[in-house]
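Everything below concerns the one structure shown next.
Below, chains carry the letters A, B, ... as their sequence lines are ordered, and counting in each starts from 1.
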Number of protein chains: 2
Amino acid sequence: MSSQSTVPPRRTRIQQEKRELILEAALEVFSTHGFRGSTIDQIADAAGMSKPNLLYYFRRKEDIYETLMERLLKTWLAPLRELDDSGDPIAEIRGYIRRKLEMARDFPRESRLFANEILQGAPRIMPLLEGELKELVDEKAEIIKGWMRAGKIVKTDPWHLIFSIWATTQHYADFDVQVRAVLGPDRGAEGRFEDAARFLENLFIHGLAPHKD
Amino acid sequence: MSSQSTVPPRRTRIQQEKRELILEAALEVFSTHGFRGSTIDQIADAAGMSKPNLLYYFRRKEDIYETLMERLLKTWLAPLRELDDSGDPIAEIRGYIRRKLEMARDFPRESRLFANEILQGAPRIMPLLEGELKELVDEKAEIIKGWMRAGKIVKTDPWHLIFSIWATTQHYADFDVQVRAVLGPDRGAEGRFEDAARFLENLFIHGLAPHKD
DNA sequence: CTAACGTTTGTCCAATCGGTCAAAAATTGC
DNA sequence: GCAATTTTTGACCGATTGGACAAACGTTAG
């Protein structure tokens with residue numbers, strides 16, 4: 001009785017290494033030019049191999065993109081998964097913001113690739129958005145609602161809260177060139193990250209902490 | 001003595017109408033497929049004319065894109081320009097958020113086109129970001145700083161405040177498909193907008209209002 | 001050493017792309 | 001109505017694209 005999920009085909013050592021090399025190169029290329037804007041030649045160049053050689057490891061351009069997308073989504077949702085029902089609400093949300101911001105800093109190409117896909121209407125990952133993603137968000141929204149009912153944080157819409165955390169943190173990856181252009185060269189990447197972390201923490205914590213009146 | 005700025009060439013009535021038709025079609029196509037992902041044929045189809053005919057009005061594909069970008073930037077910055085030094089700080093910021101959110105609702109294609117350009121490194125509008133945009137943001141940041149010094153709003157980083165307003169509002173245009181996928185079909189576009197407006201208002205006003213202790 | 005298998009390359013192809021051009025058709029000014 | 005001008009079209013072109021393929025090359029197990 002075979003498992004329902006697709007079994008990854010057996011691969012040689014060289015195949016594993018080269019596939020990894022190609023995916024790394026493809027991430028670089030796809031994330032800056034989008035799917036249609038990227039060519040197999042560009043990816044092959046970036047990976048240091050010829051086009052037919054690349055096509056030996058991935059038969060179609062789409063296969064590379066899809067493999068990349070599958071991996072991406074797993075790591076992308078990890079920070080939200082960690083949001084813990086039993087933790088302190090304010091600390092949990094602060095932690096989530098920080099983890100999300102760290103991902104924007106450490107994996108900007110993944111963020112841009114994802115943004116590109118969504119911008120174009122998510123033609124390849126729509127089922128995942130309506131399935132896995134929606135389920136996860138609904139589940140966490142319920143947790144946040146519990147915190148609100150308990151008076152731990154101010155009553156507001158948990159879905160839009162999650163959206164606003166996504167938006168503000170990913171902004172520093174997706175709109176990086178704009179952020180840099182506006183802030184000027186004075187403050188380096190590290191400083192920008194610290195400033196952003198401090199600002200977002202203040203905004204969300206003050207915006208969510210229960211206020212007397 | 002001629003003016004420094006480029007004088008728009010004289011055009012016939014048909015030229016004005018057809019150029020407008022093309023730009024409208026191009027906005028639709030470019031905003032969903034990006035520059036490289038869009039073809040002249042697609043735009044010509046959407047505009048209801050043949051490719052050579054389209055090329056009679058715009059000699060190159062880039063010309064269409066650049067014309068679109070120029071117009072876009074003007075309307076895009078309008079909401080921030082309206083931020084008024086002499087107004088009530090909280091009301092001014094609330095008004096800015098609302099105007100920005102209304103733009104995301106009413107001009108989602110423009111928002112996505114802009115996002116696409118920035119995502120790919122802003123190759124065609126970088127000078128504008130470092131020039132006009134930076135100047136405007138710096139000027140408004142100074143106003144916000146004044147409000148902070150006067151104790152009207154909590155002391156925080158005005159640049160990152162502006163970024164976070166951009167990020168949260170534009171999110172509803174750029175990531176619309178994701179928002180819809182997560183929220184489900186229950187709540188229509190109008191309801192989503194109202195919820196988002198109420199949430200963001202709460203977040204930013206509570207997050208920025210001076211708090212005692 | 002050698003046969004089997006895995007890897008790499010050069011060459012080629014059909015489709016699509018942005019763009020040209022000359023001629024036909026429509027419009028306009030007189 | 002007619003000539004000048006503007007607009008539209010079909011045919012075409014060179015470049016680029018994703019991908020196929022067979023032959024050459026490397027590697028490995030017996």
Side-chain angles (χ1 to χ4, degrees), chain A residues 7-70 113 116-117 120 123-124, chain B residues 7-70 113 116-117 120 123-124:
Chain A
V7 182
R10 206 157 297 186
R11 296 198 221 283
T12 69
R13 180 184 50 84
I14 292 185
Q15 268 171 354
Q16 289 192 20
E17 288 174 7
K18 289 294 170 82
R19 281 175 65 95
E20 221 51 50
L21 205 74
I22 291 168
L23 289 172
E24 158 65 27
L27 176 59
E28 185 71 30
V29 176
F30 279 140
S31 67
T32 52
H33 300 102
F35 179 76
R36 278 218 49 189
S38 307
T39 70
I40 302 184
D41 278 301
Q42 279 177 329
I43 300 172
D45 270 3
M49 61 178 73
S50 65
K51 181 169 68 169
N53 195 9
L54 181 148
L55 285 168
Y56 171 71
Y57 294 103
F58 290 90
R59 313 230 331 246
R60 301 179 312 139
K61 184 185 173 185
E62 281 221 26
D63 291 348
I64 312 175
Y65 188 82
E66 281 168 11
T67 307
L68 226 38
M69 271 291 161
E70 269 173 44
L113 182 62
N116 237 309
E117 171 72 11
Q120 317 210 338
R124 297 156 218 272
Chain B
V7 182
R10 203 159 302 186
R11 294 198 221 283
T12 69
R13 179 184 50 85
I14 292 186
Q15 268 170 355
Q16 289 192 21
E17 288 174 5
K18 290 293 171 85
R19 282 176 64 94
E20 220 51 51
L21 205 74
I22 291 168
L23 289 173
E24 158 64 25
L27 175 59
E28 185 70 31
V29 176
F30 279 140
S31 66
T32 51
H33 300 103
F35 179 76
R36 278 218 49 190
S38 308
T39 70
I40 301 184
D41 279 299
Q42 278 178 328
I43 300 172
D45 269 3
M49 61 177 72
S50 66
K51 182 169 69 170
N53 196 9
L54 182 147
L55 285 167
Y56 170 72
Y57 294 102
F58 290 89
R59 312 229 331 248
R60 301 177 312 139
K61 184 184 172 186
E62 281 222 24
D63 291 347
I64 312 175
Y65 189 82
E66 281 167 12
T67 307
L68 226 38
M69 272 290 161
E70 267 173 46
L113 182 62
N116 238 312
E117 171 72 12
Q120 318 211 337
R124 297 157 217 272

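A search for side-chain hydrogen bond (donor to acceptor under 3.5 Å, both in side chains) contacts involving B:R60 returns B:D63, not counting sequence neighbours. Checked against side chain to side chain contact (heavy atoms under 4.5 Å, CB included), A:E28 has the following partners two or more places apart in sequence or in another chain: A:R109. Checked against side chain to side chain contact (heavy atoms under 4.5 Å, CB included), B:A44 has the following partners two or more places apart in sequence or in another chain: B:L54. Judged as a side chain to side chain contact (heavy atoms under 4.5 Å, CB included), and not counting sequence neighbours, the contacts of A:R124 are A:F35, A:E62, A:Y65, A:E117. Scored by the salt bridge (charged side-chain N to carboxylate O under 4.0 Å, His left out) test, B:E20 finds B:R71 as partners (sequence neighbours excluded). With sequence neighbours excluded, no residue forms a salt bridge (charged side-chain N to carboxylate O under 4.0 Å, His left out) with B:D45. With sequence neighbours excluded, the residues forming a side chain to side chain contact (heavy atoms under 4.5 Å, CB included) with A:D41 are A:T39, A:K51, listed by chain and number.
The CG atom of B:L55 sits 7.0 Å away from the CD1 atom of B:I64 when rounded to the nearest 0.5 Å. How far CZ of B:F58 is from CG of B:L23: 4.0 Å, rounded to the nearest 0.5 Å.
Look at B:Y56 and you'll find a side-chain N or O under 4.0 angstrom from OP1 or OP2 of D:dT7. At least one side-chain nitrogen or oxygen of B:Q15 sits closer than 4.0 Å to the OP1 or OP2 atom of D:dT7.
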Q) Stepwise, does the side chain to side chain contact (heavy atoms under 4.5 Å, CB included) test hold for B:F30 with B:M69? A) CA-CA 11 Å; B:F30 279 140; B:M69 272 290 161; over 6 Å; no

Carefully, step by step, assess A:Y57 and A:L21 under the rule side chain to side chain contact (heavy atoms under 4.5 Å, CB included).
CA-CA 11 Å; A:Y57 294 103; A:L21 205 74; over 6 Å; no

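Listed nucleotides D:dG19, C:dG18, D:dT7 differ in distance to A:I40; the shortest reach to its side chain belongs to D:dG19. The side chain of A:Y57 has C:dT8 as its nearest neighbour among D:dT8, C:dT8, C:dG18.
Across all their heavy atoms, A:V29 and A:A46 have their closest contact at CG2-CB, 4.3 Å. Here the closest non-hydrogen pair linking B:A25 and B:I43 is CB-O, 3.7 Å. Between B:G34 and B:S38, the closest heavy-atom pair is O-OG, 2.6 Å. Minimum heavy-atom separation, B:Q42 to B:H33: NE2-CE1, 4.2 Å. For the residue pair B:A47 and B:I22, the shortest heavy atom distance occurs at CB-CA, 4.3 Å.
Of the residues in residues 62-70 of chain A, none has a non-hydrogen atom less than 4.0 angstrom from any atom of DNA chain D. For residues 20-31 of chain B, proximity to DNA chain D is found at no residue, defined as any non-hydrogen atom under 4.0 angstrom from a strand atom. DNA chain C is contacted by A:S50, A:P52, A:N53 of residues 44-54 of chain A, taking any non-hydrogen atom closer than 4.0 Å.
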For nucleotides 24-27 of chain D, list the nitrogen or oxygen atoms of the protein found under 3.5 Å from its nitrogen or oxygen atoms, one pair per line.
none

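End-to-end axis angle for the helix from C:dC1-D:dG30 to C:dC30-D:dG1, using five pairs per end and rounding to 10°, comes out at 20°.
In this structure, A:L55 reaches the bases: a heavy-atom distance under 4.0 Å links it to at least one base atom across the strands shown. Using a 4.0 Å heavy-atom criterion, one finds that B:F58 contacts no nucleic acid atom at all.
What separates CD of B:Q42 from C1' of C:dG18 is a distance of 13 Å, to the nearest Å. For the pair A:E17 CD and C:dG6 C1', the interatomic distance rounds to 14 Å; values are reported in whole Å.
The residue among B:K18 and B:R36 whose nearest nucleotide of DNA chain D lies closer to the 5′ end is B:K18.
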